[in-house]
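Keep in mind that this is a model prediction, so the values were computed, not measured.
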2 protein chains.
Amino acid sequence: MQKTQTNVVTTLRQMILEEELAAGTRLAEIPTAEKLGVSRTPVRIAFRALEQEGLLTKLPGRGYEVRSVSVAEIIGAVEVRGVLEGLAARQAAENGLSDAHKSELQALLDLGDEILAGDELNEAELERYQQMNKRFHDIVIEAAHNPAIQAALSRNEHLPFASSSALAFDKKQMSKETKRFEFAHQQHHHVFYAMINGLGSRAEGIMREHANATLGYINNPRNTDELTVISERDRTRN
Amino acid sequence: MQKTQTNVVTTLRQMILEEELAAGTRLAEIPTAEKLGVSRTPVRIAFRALEQEGLLTKLPGRGYEVRSVSVAEIIGAVEVRGVLEGLAARQAAENGLSDAHKSELQALLDLGDEILAGDELNEAELERYQQMNKRFHDIVIEAAHNPAIQAALSRNEHLPFASSSALAFDKKQMSKETKRFEFAHQQHHHVFYAMINGLGSRAEGIMREHANATLGYINNPRNTDELTVISERDRTRN
DNA sequence: GGGTGTGATATTGGATCCAATATTATGCGT
DNA sequence: ACGCATAATATTGGATCCAATATCACACCC
């Protein structure tokens, strides 16, 4: 069999997220298919999937367009993630954590402590921290045993990263970013404590607040204060 | 142009929701296409879309299967809806309602009061109430001005109704059901009050709790008490 | 008699062809 | 010169054909 259409989806998604296809770029099936060296069929399926993910907008009769995502939209998506992960933490706490989840979370907490022990994060440590962080969140969602949460999150999986310029870390101010990670990782500890003690409401509250702190910080003039967490009040009205 | 593939999606979805295609039914592209009188292409697209919606499961190499949705899953989906609509109500309250939304919500509240004024709901009144209810919820979500909420809800749109046997109203006990509607509609009034007064946290709390009360009641032996709201504690562990 | 391998069949993924439609450009008439 | 109608073009949706793969059954061998 030839290239599977899943690969076309992946390829296009990556091109969008890495801004090889800039926001606003117009895409049609035939030119895209030719450029990727496949037929229209997998491209059609990919366009639909990416539209579903919120990365493409359909322009009826004129193809598709790479969606430009506003900062307000990203903040909105982060808030959605917050309530969903908050619910996950609550349900995980109420269900009780399995031994396997408990020990893996403990290991991840230790790993995070170790990564943050030094003075200022370098590239490699940043990468390791983010992997640890992703796994931590994934376990919380797993432990909720509620497939609807994963389903609801799937739409928001890529959207928050669609505008990397708005979300990019300020690498010139790595010491400030490092302090934010330290704060965020303290929240990991608190969530874990709440979960292993069956404190559903606390787990939910901390996790909901924490979502803002881990998905990335908005590079926004109004929001450069030390350890400021994005509040819904910062959203621009439309 | 022939039947659009959207119609195939709609047709199949309806067949699943109305249990014309029972849970567990195996579906393959070719027989389904022949049965519907279309080619494989729209069926392929429809299967993918319905898989995305959580109505079909892919059995690799053996086609698709109509998913059987457990009561626990439905309750999980309702809880997800609760936190998302709760967030929507909060953001609507914080953004402030437009005059158009205010007056339409007020009209819907009046309509609900009128429908519920009589003694016991008949079929037609039930239908009218549910339309009013759907519109009320849709406006709250609209007023949040957060597209991520709609995106997250889109996956859960149909799932809660996939198992109608578990969700069916007990028409033999219509007076009891009517009392539940009266309670739920009081919550509508409270959410509206909170929203027009900018009370984000109250709007969120009431709406979150209210989601349980409007999506339908689980026909579950453990949950037949008067005005009982589904709590997350009722979920069966797995 | 059981296990393994091979072949038949079911099923999906991709390519190409055709039909319908929406958008856009062009030209004609006023 | 402007507006409207018409034609050209771009674009998508559906149908069909071909290729690859996975499942399943059956037969053969040990």
Check the distance between D/dG13's P and A/F47's CZ and give it to me in whole angstrom. 11 Å
Let me know the distance between CG of B/L36 and P of D/dA15, rounded to the nearest Å. 11 Å
Atom CZ of B/R40 and atom P of D/dC17 are separated, to the nearest Å, by 12 Å
Between A/R26 and D/dT11, is there a side-chain N or O to OP1/OP2 distance below 4.0 Å? yes
Nearest-Å distance for atom pair CD1/P, residues A/I45 and C/dG14: 6 Å
Length of the line joining A/L56:CG and D/dT12:P, which is rounded to integer Å: 11 Å
Would the distance check show the side chain of A/N95 and the main-chain N or O of A/Q91 forming a donor-acceptor pair, the cut-off being under 3.5 Å? yes
By nearest-heavy-atom nucleotide on DNA chain C, the more 5' of A/P60 and A/R44 is A/R44
Side-chain donor/acceptor of A/E125 to backbone N/O of A/N122, under 3.5 Å: yes
Grab the CD-P distance between A/E51 and D/dG13 for me, whole Å please. 10 Å
Starting from the 5' end of DNA chain C, give me the residue, A/G61 or A/S39, whose nearest nucleotide shows up first. A/S39
Of the nucleotides D/dG13, D/dA15, C/dA15, which has the atom closest to the A/V38 side chain? C/dA15
Under 3.5 Å, side chain of A/R26 to main-chain N/O of A/G63, donor-acceptor pair present? no
Round to a whole Å and report the spacing from OH of A/Y64 to P of D/dT11. 13 Å
With a 4.0 Å limit, can you tell me whether A/R62 has a side-chain N or O closer than that to the phosphate oxygens OP1/OP2 of C/dT24? yes
Without decimals, in angstroms, what is the distance between B/E29 CD and D/dT16 P? 15 Å
Decide, yes or no, whether a salt bridge links A/E204 with A/R208 under the criterion of side-chain N to carboxylate O below 4.0 Å. no
Going through the distances and angles, do A/F181 and A/N133 end up as a side-chain contact (heavy atoms from CB on, under 4.5 Å)? CA-CA 10 Å; A/F181 282 128; A/N133 184 57; over 6 Å; no
May I ask you to evaluate whether B/K58 reaches the phosphate of C/dG13, defined as a side-chain N or O under 4.0 Å from OP1 or OP2? yes
B/I30 side chain, from C-beta outward: closest of D/dT16, C/dT16, C/dT12: C/dT12
